[in-house]
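Take a look at the structure set out below.
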There are 2 protein chains.
Amino acid sequence: MFQSYAIARDAAAQGQRCGATPVAPKDDTIRLKADEAVYSEGEYAFAIYQVEAGAVRIYRLTSNGQRYILSFCGKGEWFGLEKGNVRTDFAEAVCETRLRLFRSNRDAVVPIDLLHIALTNLAKAQCKQLVITEQSALRRVAAFVQEMANLHPGEPEFDIMMSRSDIADYLGLTVETVARSFTKLREKRILCLTGKLQRVVRLLDREALIALTI
Amino acid sequence: MFQSYAIARDAAAQGQRCGATPVAPKDDTIRLKADEAVYSEGEYAFAIYQVEAGAVRIYRLTSNGQRYILSFCGKGEWFGLEKGNVRTDFAEAVCETRLRLFRSNRDAVVPIDLLHIALTNLAKAQCKQLVITEQSALRRVAAFVQEMANLHPGEPEFDIMMSRSDIADYLGLTVETVARSFTKLREKRILCLTGKLQRVVRLLDREALIALTI
DNA sequence: CGCCTTCTTGATATGGGTCAACCATGGTGG
DNA sequence: CCACCATGGTTGACCCATATCAAGAAGGCG
């Protein structure tokens, strides 16, 4: 996808040592409201993004219209790096979100380590594969809560922001099963839920939560 | 992990265009028998590999001893590129296999596009996520057969080499369910199985197979 | 021959999907 | 202000797909 990536490839093919270093112009900050799109499948991929605040969901639609969420990206995380130059998935703000956009641009000012980003995303995807294939619904939801908790280190209470339907499409479950799993976690006194949409989590027993995700 | 990768990072941090280009000495070919290990979890990661012939399974072991196969790598595919410098998974030959090893080495002769490899593996992992979460056992097995068929283009009959247990651990199913799915595919006249271990597939109805995987 | 491994098939149990109802909250318009 | 509706979450009843347990078939090998 990336221009500079293509440049890097060509240079590498000629035996030179040459990396991809796209660049951010002075101010390429994007502000999005909940559910606003960053990009869609089929579009030309001209940039990558870093989340400054809020969260983004990356998803695909199957031929029968099912949505499958590949990943959520929180503060500091990168997304939008693709193999080709056409988007293969959709990116949308989960809630009010601020992004920083980095176009492919030779005149590097802020160099970006694309390989590091790619490998981080690969590791994330592999970890998710384990969670999804090996574990029961309760464990998957526990792993998800754990993941969210890690985005808010030290905070006893945090807003997960995603709807039950987001969580379901992320974990490969149904909304009902997600809701039931949350009530089980409540019954086990592992967490409690507050907020009008029950999206604010207070962890009561982090040990027990971790024990579930093993 | 990779030395040259670290080098690339530093160079990039100085605003230069500089890529990672590990190198293959004249002859770093590895020959393995079935089930021989390439590397194991915890080892120091000093190289990446390309499959020249045969196949490799990349897997992890969960705390309860369950094996989970992240991917199979066939002819031409690369593996062993990690984020850190310690192996997080195991790599083993599925059958008699020949690999080419590429150490991290500045004195590039054969430059390698690590970003391309990372993004290819990421795309593969994402595709697998979709298969596993969205689909029934029959569809997963169909997708697997499809994947194997793609490694043997034009051949009407091919040996998948993996055991039922490999396939099960790859698709997040049990051996029994995999066997049942294969018999369903036979009953539907989509393929037939031969060979003493029923691992040689002859595709009878490729259309129907593809229709299942959609 | 007996024992092993790998695959297959059958019987049964269960986790989670599906369908349906209900609750809480918030917005809209009369 | 209240009646109405829409949205998102929870809960219950039922059923099916797949895990689990168990046994059998086919080949390899000492």
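Note on naming: letters A, B, ... go to the chains in the order of the sequence lines (proteins, then strands), and numbering restarts at 1 for each one.
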Residue [X], side-chain heavy atoms: nucleotide from [options] that is nearest:
X	options	result
A:Lys196	D:dT18, C:dG26, C:dG16	C:dG26
B:Thr183	C:dT8, D:dT18, C:dC7	C:dT8
B:Gln198	D:dT10, C:dT25, C:dT8	C:dT8

Look at the rings of A:Tyr59 and A:Phe90 and say which category their plane angle falls in: under 30° parallel, 30 to 60° tilted, over 60° perpendicular. parallel

Looking across every strand, which nucleic acid part, if any, lies under 4.0 Å from B:Gly195 by heavy atom: base, sugar-phosphate, or nothing? nothing

At under 4.0 Å between heavy atoms, what does A:Arg199 touch on the DNA or RNA strands: base, sugar-phosphate, or nothing? sugar-phosphate

How many whole angstroms separate atom [atom1] of [X] from atom [atom2] of [N]?
X	N	atom1	atom2	answer
B:Leu138	D:dC16	CG	P	18 Å
A:Asp159	D:dG9	CG	P	11 Å
A:Lys184	C:dG16	NZ	P	7 Å
A:Leu173	D:dG9	CG	C1'	16 Å
B:Leu193	D:dA26	CG	P	16 Å
A:Leu197	D:dT7	CG	C1'	9 Å
B:Met161	C:dT6	CE	P	17 Å
B:Glu187	C:dT8	CD	C1'	12 Å

Looking at [X] and [N], is any side-chain donor or acceptor paired with a base atom of the opposite kind under 3.5 Å?
X	N	answer
B:Glu176	C:dC7	no
A:Arg164	D:dT7	no
B:Arg180	C:dG10	yes

Rounded to the nearest 0.5 angstrom, the CZ-CZ distance for A:Arg87 and A:Phe46 is 7.5 Å

If you round to the nearest 0.5 Å, how far is CD1 of A:Ile58 from OH of A:Tyr39? 4.0 Å

Is the phosphate of C:dG17, meaning OP1 or OP2, less than 4.0 Å from a side-chain N or O of A:Thr174? yes

Respond yes when some side-chain nitrogen or oxygen of A:Thr177 is under 4.0 Å from OP1 or OP2 of C:dG15, and no when none is. no

When you compare the side chain of B:Glu96 with that of B:Arg31, does any pair of heavy atoms fall below 4.5 Å? no

Are the side chains of A:Glu176 and A:Arg180 in touch, meaning some heavy atoms are under 4.5 Å apart? yes

